[in-house]
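All remarks here apply to the structure that follows.
In this text, all values refer to a predicted model and were calculated from it rather than measured experimentally. Here is the naming used below: chain letters follow the sequence lines, and residue numbers restart at 1 for every chain.
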Amino acid sequence: MDKAPLIIWFRRDLRLHDHPALQAAVAAGRPIVPLFILDPQAEALGAAPKWRLGEGLAAFARALEGLGSRLILRRGPALKVLRSVIAETGAEGVHWSRLYDPEARLRDSAVKSALRAQGHLARSFPGHLLFEPWEVETKGGGPYRVYSPFWRAVQGRALAPVLPAVERLEAPARWPHSERLADWHLGAAMNRGARIVGKYAQVGEARALARLARFLDERLDGYAQDRDFPAKPGTSGLSENLTLGEISPRTIWHAAWRRLHEGAPGAETFLKELVWREFAWHLYYHFPEMARANWRAEWDAFPWRGDNQDAEAWRRGMTGEPFVDAAMREMFTTGTMHNRARMIAASYLTKHLLTDWRVGLRWFQECLIDWDPASNAMGWQWVAGSGPDAAPYFRIFNPAGQAEKFDPEGSYRNRFLAEGQRNPPDPARDFFSAVPRSWRVTPDAVYPERLVSLDAGRARALAAYQGLRG
DNA sequence: TCCCTTTTGGG
DNA sequence: CCAAAAGGG
């Protein structure tokens, strides 16, 4: 008599190390059926995140095959697929790592109760976050709304050690049917962009771990200074791996703490950034409307412009404001954008172009291979001034001043703006290969005039803000 | 994780 | 005269 297998339903946890749901199944001595389901929520991903998911799945499937296992791929509503795979394999039930966005929570709790009602095992595990959102509370018993107290509350907390990578996965007696990744065409909406962004992405668990090691060795000491300069390789770049769980936040946390105890100068700054991600998920869990509605209701009366021609120029990296355009082109070319550039590009859209932050949120959701629903929503509301713990609205970034300060040599702008350069570098040229042909842009065109002068844009934004208060 | 103008005070 | 601090959006 075969032991009944357990299904591991993988979603945003495409890794073998530090994986509580997988570890528990292996420890129970069960054969494992690794499963990914292309359900309606995964189908609804933006173009770049969906393409990146496909790359991550391919890498993860190869890693599983290296352990004598497989990644089973199935398309359909999650519950329906799970029922079929249980029937096909005689599995006892399912393990998964929890997700915390409202759509996933709704789906997962329905799946859990339906499976249990039919006598199957359904167990969810932590792993995507350092701390469960309900385990961090203010003195008064509620969720945190401000970053600094949140940081103080978690910075000294003990965290269980990292779980070792599983080294062996027992195959089930019968493998269920699997679809083929190529047939899913997860890169379809990326069109020409996929080939370009693929040059810059670093996919999979092995590369994520190597990236962390390299960052700690080469960049951590200078992190506090270098991280603000978008032309420098000062940041970890781990966000694209974190969002798919190719590395766990706990792995990063422990590694950075070790360096902190060794006296590494940038370690605390880096840990704080990791905790910003945690804070975003804490907020999103407790306030799921955060991705759709102004955090402060008074902002509903603000005269945001909806989508408009200026916003279209912003999306295309054609505003005539060099730092902003470099940022937007970096995103379209590489699938990521430097953190400082994100603040400036977002400030420019919401302030100088007076455009609703949700217009920007949606574009980032389309274009970022490191798209994270919580960080994206928190970041946009922070910049717009509508959010919790937000920058006051009148903190308007001056993109020219920021360029002066953080890109004094123009290296970042030159890296991504081809116009006017006799011999533009690869990334600047790549932009024109990545964009849709319908944009009809070429590297030898004249760089556009400014949509709005920095003074006029700033004055208009401040006047609108005064209108809201007056 | 700001920007701009005005004020201040040392020389 | 000027750099630094302060004030306010």
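Phosphate contact (OP1/OP2 of C:dG9, side-chain N/O of A:Arg395, threshold under 4.0 Å): absent. A sub-4.0 Å separation between OP1 or OP2 of B:dC2 and a side-chain N or O of A:Lys351 is absent. For B:dT1, neither phosphate oxygen OP1 nor OP2 lies less than 4.0 angstrom from any side-chain nitrogen or oxygen of A:Gln402.
In this entry the distance linking CH2 of A:Trp151 with P of B:dT1 reads 15 Å, nearest Å. A straight line from CE of A:Met343 to C1' of B:dT1 spans 5 Å, rounded to a whole angstrom. Distance, A:Met378 CE to B:dT1 C1': 12 Å, rounded to whole Å. Between A:Phe229 atom CZ and B:dT1 atom P there is a gap of 17 Å when expressed in whole angstrom units.
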Mind listing the N/O atom pairs, protein and nucleotides 5-8 of chain C, below 3.5 Å?
none

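A salt bridge is absent between A:Glu366 and A:Arg315: the closest approach of a Lys/Arg side-chain nitrogen to an acidic carboxylate oxygen does not fall below 4.0 angstrom. In summary, A:Arg107 and A:Asp39 engage in a salt bridge, as defined by a charged side-chain N under 4.0 Å from a carboxylate O. Contact check on A:Arg413 versus A:Asp407 returns a salt bridge, with a Lys/Arg side-chain nitrogen under 4.0 Å from an Asp/Glu carboxylate oxygen.
For A:Gln466, the side-chain atoms get nearest to C:dG9 when compared with the rest of B:dT1, C:dG9, B:dC2. Across B:dC4, C:dG9, B:dT1, the shortest atom-to-atom separation from the side chain of A:Asn398 is found for B:dC4. Taking only side-chain atoms of A:Asn339, from C-beta outward, the nucleotide of B:dC3, C:dG9, B:dT1 with the closest atom is B:dT1.
Within the structure, salt bridge (Lys or Arg N to Asp or Glu O under 4.0 Å) contacts touching residues 421-443 of chain A (residues at least two apart or in different chains) are A:Lys199-A:Asp430, A:Asp426-A:Arg429.
The aromatic rings of A:Phe416 and A:Tyr412 lie perpendicular to each other, with more than 60° between the two planes, well past the 30° mark.
Scanning all heavy atoms of the two residues, the minimum distance from A:Thr333 to A:Tyr200 falls at O-CD1, 3.6 Å.
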